[in-house]
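Here the structure is laid out as structure tokens; the discussion comes afterwards.
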Amino acid sequence: MLELIKKNKKTKQRSGQLTTRNGVIQTPFFMPIATKGAVKSLAPEDLKALGAQIILGNTYHLWLRPGTEIIKKAGDLHKFMNWPGPILTDSGGYQVFSLGEKIKKGFVKLSDEGVEFRDPIDGQKYWLTPEKSVEIQLALGSDIIMVLDECPPYPASREQVERAVKRTTEWAARCKKYFDKKVSKKKNRPLLFGIVQGGVHKDLRQQSAQELLAIGFDGYAIGGVAVGEPRKYLKTVLEAVLPLLPQDKPRYLMGLGKPEEIVAAVEAGIDMFDCVIPTREARHGKLYIKNSGAKGFYKTINILNSKFAKDFTPLDKSCGCYSCANFTRAYLHHLFKVGEPLSLRLATIHNLKFYLGLMEGLRK
RNA sequence: GUGGUCGUAGCUCAACGGCAGAGCUCUCGGUUGUGGUCCGAGCGGUUGUGGGUUCGAAUCCCAUCGACCACC
């Protein structure tokens, strides 16, 4: 499944090829986020031109709208959105976390059986279980399916984290059982990934990893590391978990991160990333610029700043993406100021190129 | 020409005798498995002008300038 081609002797960094039923992906890699069936503001042609190998879709959002019936009628999510390449789907587990406030207020009910959500738009109730999550992801035609997990908030008491680890393991086992029942022995089967929880506690992280390893998955994700905890714990978590994971299975660090965090995680032995940073920040005018100085390998600019109004240079002279090859900072500044939708596309293309280029460099 | 309404931040307006405020704009931050065109902070005033009444006036009175409305 994961064929390692290169390993760094000094660090734990590795590169290789991950085979999915929809194509081979060079690792390590970054997945642009297409929550509701589109990388916001981009068309599949843009993603291809950028060299995106795989994108991430979201079970929760696509379940609510348009729903699995419509996507099934289209064939699957690939056909529906005209993206033939690999797709990883998140399970809806993160929503269990992000709806935390509403859980406290009783709007959302969380139990061992599953989670009861309410559609924020029309108020309709939805009942998400580990089995249901896998069922939806199979219906979407996902190539990498994530188990439903419980991602505790930070800060959380040790008892809360212990409960989340226990529930995550139980849910992972139920996902695996349901998955095997539905796709066992089938050729062209998608991959199923487990998710390690355990907060900032080294022993709970290791316990979680070992319980998942006993069940057996095609890959292992580390979740709950982008939920507000201080960054210093990232190193602790990676050092605790990664040595336990098999070399021939991909490791996925969920939700990260800033460029320097990704570099550090790759050096620690991570193969897969997803993050809203490049796309979301692009839509708010924050652009990533390569830097060769002593202050780090990149900097960011806010294209909305007035100093760019008369700056007729490319966004980044050394970039060469579609936006940099054809437009100036002054033009993009103007597009943002007047709210032209093209601003979102040009900025998103540029930031994704920065992230995807970063990954390309890390593979060499 | 006569009568009336109204002039407060760049814009739209609030405060109607007791510390001149809000939204937008503007300037600058933030965003980590996307419920996000979002969130936060800051700049910005001789209340059209000139007098008067009052302990105190954006607020009441007089004059004046300007805008708008109605009637001649």
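Chain naming here is simple, since letters A, B, ... match the order of the sequence lines and numbering starts at 1 in each. Because the structure is a prediction, the values reported are computed rather than measured.
Look at the C1' atom in both B:G36 and B:U32: the space between them is 14 Å, to the nearest Å.
Without hydrogens or angle criteria, A:T348 side chain to A:A282 main chain gives no donor-acceptor distance under 3.5 Å.
Within 4.0 Å of A:R65, counting heavy atoms only, lies no atom of the nucleic acid at all. Backbone-only engagement by A:L56 is indicated by non-hydrogen atom pairs under 4.0 Å involving sugar-phosphate atoms exclusively. A:G224 comes within 4.0 angstrom of a nucleotide base, judged by non-hydrogen atoms across all strands.
The side-chain ring of A:H284 is stacked on the base of B:C38, judged by centre separation under 5.5 angstrom and plane angle under 30 degrees.
At B:U37, none of the side-chain N or O atoms of A:K337 fall inside 4.0 Å of OP1 or OP2 (strictly under the cut-off).
Ring centers of A:F30 and A:F273: at least 6.0 Å apart, outside the cut-off.
With hydrogens and angles left out, the side-chain atoms of A:H333 and A:N305 include no donor and acceptor closer than 3.5 Å.
Distance A:I222 CD1 to B:G33 C1': 13 Å, rounded to the nearest Å. With rounding to whole Å, A:K286 atom NZ is found 11 Å from B:U32 atom C1'.
The partner of B:C68 is B:G4, by the rule that a Watson-Crick or G-U pair needs both atom distances under 3.5 Å.
Residues A:L204 and A:I222 are members of separate hydrophobic clusters, defined by side-chain heavy-atom contacts under 4.5 angstrom among Ile, Leu, Val, Met, Phe, Trp and Tyr.
In this structure, the nucleotide among B:U32, B:G33, B:U27 sitting nearest to the side chain of A:S91 is B:G33.
Comparing A:G57 and A:N302 by the nucleotide of RNA chain B that holds the closest heavy atom to each, the one mapping nearer the 5' end is A:N302.
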